Amino acid sequence: MSEDSRNPMAVPVLVPMPAERPYSYLVPQGMLVVPGSIVRVPLGPREVAGIVWDTPTDVVDPKKLRPIAQVFDCPPIDEAARRFVDWVASYTLSPPGMVARMFLRAPAAFDPEPPLPGLRWSGAAPERMTAARERVLELARDGMAWTRSGLAHAAGTSLTVVDGLTSQGVFETVEIPPPPVVAAPDPAFSKPDLSFEQEAAAEVLRAKAGGGFSVTLVDGVTGSGKTEVYFEAIAAALAAGRQVLVLVPEIALTSAFLDRFHDRFGAKPGEWHSDLSPRMREKVWRQVAEGQVRVVAGARSALFLPFKNLGLVVIDEEHDPAYKQEDRVFYNARDMAVVRGHIGNFPVILASATPSVETQVNAQQGRYGRVVLSARFAEAALPDLAAIDMRKSPPQRGGFLSPVLLEEMKKTLGRGEQSLLFLNRRGYAPLTLCRVCGHRFQCRDCSSWLVEHRFRGQLVCHQCGHNEQRPEACPECGTLDHLVACGPGVERIAEEVESHFPDARTIVLSSDMLGGVKRLRLELDAIAQGEADIVIGTQLVAKGHNFPKMSLVGVVDADIGLANGDPRAAERTFQLLSQVTGRAGRSGLKSRGLIQTYQPAHPVMRALILGDAEAFYEREIAERERAHLPPFGRLASIIVSAATRPEAESHARALRRAAPASRDISVLGPAEAPLALIAGRHRFRLLVHGEKKVDLQGFLRALLAAAPRARGSLRVQVDIDPQSFL
DNA sequence: AAGTCCGTTGTA
DNA sequence: ACAACGGACTTC
């Protein structure tokens, strides 16, 4: 876009706020701006970063127009990324500015990285030569630029020696371009040794990696080497000069993945997740935009990085619920990645040992390709799985571990191997009550029980984070020392384990661990090195780690996830338990998985123990089809929340009344949400259910347009394809 | 989303 | 009497 000298031109700019359309800004004389340019613009009393857009704006009073303050010296957001923003905004019913905001998550990166100050040999000799000076000069004589500290360090001298030489004019100061955050991966660095089956799968993926849009499911049991196989597709994309994005759930914890990548490509991928330091974040963002970082391994938000030349997206563990974002813009990164591939016309690979029902159906119906890896790689063998019927082998009074499991742990310990106990419950006990008056400790702002965390001596709300000191006396009746913990959390299981195996090295892992992500990484590494005998963990132990000495996995309570009325409960439980039991036996040890359950005949348990995934999926798919649930029908949920219950309820009813008449779409509710109160906000929920082919978004837009405006404390959140039904 | 403006309430 | 807050309103 060029400017006219008499009539300064206005351009649309998406600003990071919930407006339905871009705003218009004037382009000052001499400023050069293209669609995708990242600009600094005035917005009310402040200045914000926005993106120059290319879709129509509303006509606006020319007097209101204000000029763009600055165009950042930064590669513009490309056409494909812009269409992606529009698409995501439209699909999720989010304001486009809020989606664009996700592309602008590293404000410091809009300006180029400053060069580092460096030193280069000027050709001059020092006044007097010493041994230390000689060592420094030896390194610098080739004329390459060094950083001051780098040179001193390499020469094994102090900074004083280098500074002395500099002041004598032996070095001249130069600018060193900022170093890359990661080295360039080499597609030919270390060709893997693949089995026949893996090689065949890799060949299919390599062929797709060269072409346009396609989606391929890599369906392989845990330990079958899915990663090695899709690495070959990455190699092909790299060889073709494209950038690659690998989405990984909980990337912050999976250092094993980064190591494997390094082994294959001779360099680490760029990392992107919420735990990055601001400095690193900024460097990665910038270098992705410039095309210098070739491969990013990241959490779901990495989908909104400004790739210069994206040519492949891999979604590892595609079924993982961590891909669903449920705040601000509600989106599923797996589905949006497929859209990104479609818009950018490049292939997408989904990998999982337990694919989501949606992906299974897409593969069955031929919309997605599928490659299958049926055998565990090399020496790895699938664990031998069995259910422990808790009605027949109940735990000791006050305990939660059946004698059968304890006996197996004892044997494992005796062989010097590791056991893993899995329980998806943080803390010591999920409920505390008074034995005298029956008082139950509930969060003052949420409809949920306070969870006792005994290590910290606190009662904690897992919904809003509220915590209080655990009292000695009941706040209701005042009786001392009669509070009782109900049910198990990982801390309580650890206590039980320690009473049975006082000499074993026991470790508890959960996401709330003291010391944060850094500490967790260290502990996971230590476990992989064999520095623990018994590990007790929540779901974070299920994800992608390789524990070579682990030969027993015990699921403490397999029934937990099946209790609520969530339509995805069976699928979730099957996936999670398959993944956990798959932690055992990855390095050839004969291994076992024991599943404690009160309903061993439940189809999920049967499929799991018999290793009959096919039967499970067949049943689950038939059930979804019968009920017209996704992927055979469409769902959206609308959560209305407000400071008071009546406000929320009456607005939810008003939304319901605003629903347009439709034969193919029905609105259920409003009903109080299962979590009726979160952080002091009362919640009501509507479910919108339609046939597969309906225009669900159009229906919702009409509904929202006809509904009264949400004022005061009222908030309305629309969740397309909801995963959580709480 | 993140400011300003303006009305309410709480405290010296 | 005035700060301290919360809600409504605006932003090209």
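Note that this is a predicted model, so its numbers are computed, not measured.
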(message) Ring centres under 6.0 Å, that's the criterion: do Phe84(A) and Tyr91(A) meet it?
(response) no
(request) Test the Arg281(A)-Trp272(A) pair against the cation-pi criterion, namely NZ or CZ under 6.0 angstrom from the six-membered ring centroid and within 45° of the ring axis. (result) yes
(request) Report the C-alpha separation of Lys543(A) and Asp320(A) in whole Å, then their side-chain angles, then the decisive distance to 0.1 Å, and conclude whether the salt bridge (charged side-chain N to carboxylate O under 4.0 Å, His left out) test is met. (result) CA-CA 10 Å; Lys543(A) 304 204 172 168; Asp320(A) 200 294; 3.3 Å; yes
Could you list, one pair per line, each protein nitrogen or oxygen that sits under 3.5 Å from a nitrogen or oxygen of nucleotides 9-12 of chain C, together with the distance?
residue	atom	partner	partner atom	Å
dT11(C)	O3'	Gly44(A)	N	2.9
dC12(C)	OP1	Pro42(A)	O	3.1
dC12(C)	OP1	Arg66(A)	NH1	3.4
dC12(C)	OP2	Gly44(A)	N	3.4
dC12(C)	OP2	Arg66(A)	NH1	2.4
dC12(C)	O3'	Ser24(A)	O	2.9
dC12(C)	O3'	Arg66(A)	N	3.0
dC12(C)	O2	Ser24(A)	N	2.7

(request) Check the pair Arg286(A) / Glu282(A) against salt bridge (charged side-chain N to carboxylate O under 4.0 Å, His left out), numbers first and verdict last. (result) CA-CA 6 Å; Arg286(A) 183 78 194 189; Glu282(A) 159 197 341; over 6 Å; no
(request) Please report the C-alpha distance between Phe684(A) and His682(A) in whole Å, then the side-chain angles of each, then the deciding distance to 0.1 Å, and finally whether the ring-ring contact (aromatic ring centres under 6.0 Å, His included) criterion is met. (result) CA-CA 7 Å; Phe684(A) 275 79; His682(A) 297 262; 8.5 Å; no
